[in-house]
Amino acid sequence: MVRELQSQSTSGVTSSAARSATDLSSPSKIVSDSSIDLIGHLSRQGGDRMRYVEPSFWAVSAQKLNSVCSDAETSQSMCEEVSELDELLGNQARYLLQPSADGTGKLSFEEDEGFTVRGGDVRPSSQNLTTHLALVGNIVAQPPAWSYNERITSRTVARNPDFLRQLPSKRRCDALVEGYINGYHPMVPVIHVPSFHYRYEEFWRTRTDPDASTTASMSFAALLVTVLYAGSVACPSAVFSGATGAPAPEEAATQLHILALRALRLSNFPRTPTLDSFRAYLICQSTWMREEEPLTCVAFVGLALRVATMLGLHKDPSRFGSMNPIECEVRRRVWWQLVHIDVLVAIASGLPPMVDLKAWDVKDISELKEEHFGTQVGMEYTQAIKSGLQEPDAAADPRDPRNASMVSTVGILVAGKLRATLVLRRTLAMLFTGAPLTTSDLVVMRSEYRLLGEDLRSRIARIPEPQPGDLGRSAMGSTFENNFALNRWARLLLSAFVDEQYCISFHPVIKARVSEVWPDLYPQAIQHCRAFLNKCAQMASVPDFGDFQWSWPGNHQPLHAITILLLHLVQGPDGEDARETRRAIDIAFALCGSNGGIVAGGSGPENITKRPLTEGGQEAWSYFKRLRSKAWQKAGLDPDVFWTREQAVRFCNGHSEPQLVAQEHRPIWNEGYPGELQDANDLAGHTLATTVGSQGDMEVIMSPPNIDWTYLDAVLGSAQNDAVLDYGPCEDESGEDRWVP
């Protein structure tokens, strides 16, 4: 069966959409890979469910022992052993049915309790179970089943017709799916669009058919409703499409979010997850993440990681011979998105990442256009790139209707984003070990940043730069994978990823004992922080970026950059770059919403995107305002003078695309050192002067040797004053610098 499926998936006879519709739906029989000695075992079961176990799992160990003890190993006996293991894993993945009082034998959707099961011989469950499901559903462990009625289980999750009737009309759904594909998918491509379109149309044709268990399954319903929810967030205008009396976009998004959570609950997630329900869970939990509120999203990463390993996503799908190229690529993208989320949450919360770098072996995602996934021409192109026979294609210019390129802007952008994520993850691994940073750590970190800059610079060069006349319009060759707005956004975002590395790693590195071996880190970090802040402001202000602003600045905020620049101004209020730094900070504050945080949109109140924050999120920006007041007072400026949003938007739209900050990396050790320094002990007695050096045509201020950033709270504390902090004299700047933009 496996050989037959493999031959079908590589024959190229059917279209990729039709093949993937079969391969990503639930098989009628169990298909598994018997090569479990090294990589574990992935059992694919009915209802689109999967279960992965490592070789250390007791049943796998027993199977291996049985194989060793057998006198004659035949293919038939091996298949029988694998079938027995699959049967065991399938029996473990059972769904606990909740009985109800009327005994009608139907699944019904309840407003408060999610759903109940009605069966002729089933008596009411205990009040404890009912209360438990009403409160937490299947997210946490259920109480023990003390009676027979509470132990009734099923291996399948039946469709819920009552729930399916709650979906919006198809016309409304079409608009929301289109909004998802154009605005959300380019940043988080966890679906294969041709496959999803095929399954989506099939869903609407068969959702009332009781025998259509695959396309109208609750797992796919959960994914579909989550796509609708994400589409309403990314493209609020889609909410009004094709209907009268539509709710406000934020109200519609909230209703769809609740509906998606109900669908997840009905699909028995996370007890019997599928790839569909897992993708739905990731989208539900991460779309409204706020960097200022890390504790609201920190817990879900652990559950997501455990479910991902249950699905075997941490193993590269090429290890499992039963998967076709389309499914392999989808699984890789889902896993990498989880790694990306884990890093984001770790940075925002100040906690170590959960995904162990050594616990997975998933390959990089493909840059191919999605129409080329699994095709012969796509595989030939990929092989030619791997073997070095040709250079990677550049994304096609949307003005070229032929679109001859094999790759897409989405592929180039997301691959670059994940490359930056991996570099940042390695940096976090150095910072969270608990051991002091060593010279070799800084050498590796600096080299990683340099290589990342080169990689992202080459990616930017492969994305066509829109001309001024192209902005605000579409071209004949525009697609969701390649258009003027996306190309401009991708170039800007890729250039910001290098800046972000410096923003996040600067504080712990500058405090390290061996920071002197990176003498130009301080000026480089200030330069990168300022560039990052300017790019975030542009991403929030340019009208063409409306479909992507749910992510930047919706999820992401330049918190590290603002902190570093404000501290820089407190220490050096009269520095050469102080005026430029204050301008960048003022623009960021001008773009903040009423609750704090940079918000997207134009200058008018009707165009500003709502981005509510809880009290915890608002406190972060209150903290920044107090620190800004301190920095402005140190410079002799009025802290109550701000830019207006209109001025900031006009400024950001009047400037061209910021360039990637390029550093000419000189040797990491100063020429004054006697030989090469090997470790921190070699630094004893060597102190770098705080002077202005020369690096090509650019002046470089060396890192102050004894910066103590721990005084930040003292800067803002009411019990401290300038004399105690010993900031030194503060000269008033001229009236020319006390400007109102």
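This chain uses plain numbering: 1 for the first residue, then up along the sequence.
- Scored by the salt bridge (charged side-chain N to carboxylate O under 4.0 Å, His left out) test, Glu251 finds no partners at all (sequence neighbours excluded).
- Residues satisfying the ring pair (Phe, Tyr, Trp, His ring centres under 6.0 Å) test with Trp489, not counting sequence neighbours, are Phe545, Phe548.
- The backbone N or O of Thr644 lies less than 3.5 Å from a partner atom in the side chain of Gln647, making a donor-acceptor pair.
- Thr296 is not listed as a side-chain neighbour of Arg290, based on a closest heavy-atom distance of 4.5 Å or more.
- In this structure, Tyr200 contributes its side chain and Leu224 its backbone to no donor-acceptor pair below 3.5 Å.
- In terms of the side-chain contact (heavy atoms from CB on, under 4.5 Å) criterion, residue partners of Thr433 (sequence neighbours excluded) are, by chain and number, Ala435.
- Atoms CG and CG, on Leu569 and Leu637 in that order, are 9.5 Å from each other to the nearest 0.5 Å.
- Aromatic ring centres of Tyr522 and Phe506: separated by under 6.0 Å.
- Proximity of Leu565 to Ile526: side-chain heavy atoms (C-beta onward) are separated by under 4.5 Å at one or more points.
- A distance-only check finds a donor-acceptor pair linking the side chain of Asn555 to the backbone of Thr287 [under 3.5 Å].
- When every heavy atom of Leu164 is checked against every heavy atom of Ala221, the shortest pair comes out as CD2-CB, 4.0 Å.
- Between Trp550 and Ala234, the shortest heavy-atom distance links the atoms CD1-CB, 3.6 Å.
- Between Thr274 and Leu311, every side-chain heavy-atom pair lies at or beyond the 4.5 Å cut-off.
- Considering every non-hydrogen atom in both Pro186 and Tyr180, the closest pair reads CD-O, 4.4 Å.
- Two residues are said to be in side-chain contact when any heavy atoms from C-beta on lie closer than 4.5 Å; Ile341 and Gln285 fail this criterion.
- Of the possible donor and acceptor atoms, none in the side chain of Gln549 sits under 3.5 Å from a partner among the backbone N and O of Gly554.
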**Report entry** Derivation and outcome, side chain to side chain contact (heavy atoms under 4.5 Å, CB included), residues Val542 and Cys652
**Finding:** CA-CA 7 Å; Val542 176; Cys652 293; 5.7 Å; no
Report task. Start with the C-alpha distance between Leu167 and Leu259, add both sets of side-chain angles, then the distance that settles side chain to side chain contact (heavy atoms under 4.5 Å, CB included), and finish with yes or no. Result -> CA-CA 8 Å; Leu167 296 178; Leu259 201 62; 4.1 Å; yes
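- Aromatic rings of Trp632 and Phe642 (six-membered ring for Trp) have centroids beyond the 6.0 Å cut-off, not under it.
- The two residues Ala584 and Asn534 come nearest to each other via the heavy atoms CB-OD1, 3.5 Å.
- Here the closest heavy-atom approach between residue Ala415 and residue Ile365 is recorded as N-CD1, 3.9 Å.
- With rounding to the nearest 0.5 angstrom, the CZ atom of Phe278 is 11.0 Å from the CG atom of Leu264.
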Report task. Take Ser495 and Leu456, measure what side chain to side chain contact (heavy atoms under 4.5 Å, CB included) needs, and give me the verdict at the end. Result -> CA-CA 7 Å; Ser495 70; Leu456 296 181; over 6 Å; no
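- For Arg611, the salt bridge (charged side-chain N to carboxylate O under 4.0 Å, His left out) partners at least two apart in sequence or on another chain are Glu292.
- Under a 3.5 Å cut-off, the side chain of Asp342 and the backbone N or O of Met354 do form a donor-acceptor pair.
- Taking CG of Leu613 as the reference point, atom CD of Gln557 lies at 8.0 Å (rounded to 0.5 Å).
- Residues Thr309 and Arg306 form a side-chain contact, since some pair of their non-hydrogen atoms from C-beta on lies under 4.5 Å apart.
- Below 30°, between 30° and 60°, or above 60°: for His556 and His340 the angle between ring planes is between 30° and 60°, a tilted geometry.
- A donor-acceptor distance shorter than 3.5 angstrom exists from the side chain of Arg425 to the backbone of Val355, with no hydrogens or angles considered.
- The ring pair (Phe, Tyr, Trp, His ring centres under 6.0 Å) search around Trp621 returns Phe624, not counting sequence neighbours.
- Using a distance-only test at 3.5 Å, with no hydrogens or angles considered, no donor-acceptor pair links the side chain of Asp547 to the main chain of Asn182.
- Tested against Asp577 for a side chain to side chain donor-acceptor pair (under 3.5 Å), the candidates Arg582, Arg530, Gln527 yield a single pass: Arg530.
- Between Met289 and Val345, some side-chain heavy-atom pair lies under the 4.5 Å cut-off.
- Leu282 has its side chain out of reach of Val190: every pair of non-hydrogen atoms, C-beta onward, lies at least 4.5 Å apart.
- Ring geometry for Trp552 versus Phe497: interplanar angle over 60°, hence perpendicular rather than tilted (30 to 60°).
- Under a cutoff of 6.0 Å and an axis angle of 45°, Arg583 and Phe651 do not form a cation-pi pair.
- Put simply, OG on Ser505 and CD on Glu500 are 10.5 Å apart, with the number rounded to the nearest 0.5 Å.
- Counting heavy atoms from C-beta on, the side chains of Trp288 and Val233 come closer than 4.5 Å.
- Residue Phe300 holds its CZ atom at 10.5 Å from SG of Cys284, rounded to the nearest 0.5 Å.
- Here the shortest heavy-atom pairing between Val193 and His185 reads CG2-NE2, 3.6 Å.
- Lys610 is linked by a side-chain hydrogen bond (donor to acceptor under 3.5 Å, both in side chains) to Glu250, counting only residues two or more places apart in sequence or in another chain.
- In this structure a side-chain-to-backbone donor-acceptor pair under 3.5 Å is present from Arg279 to Leu275.
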Query - Stepwise side chain to side chain contact (heavy atoms under 4.5 Å, CB included) check, Leu228 with Val177 - result: CA-CA 6 Å; Leu228 302 180; Val177 168; 3.7 Å; yes
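- Side-chain atoms of Asp276 never come within 3.5 Å of backbone atoms of Ala222 as a donor-acceptor pair (strictly under, hydrogens ignored).
- Taking CG of Leu424 as the start and NZ of Lys417 as the end, the distance is 13.0 Å to the nearest 0.5 Å.
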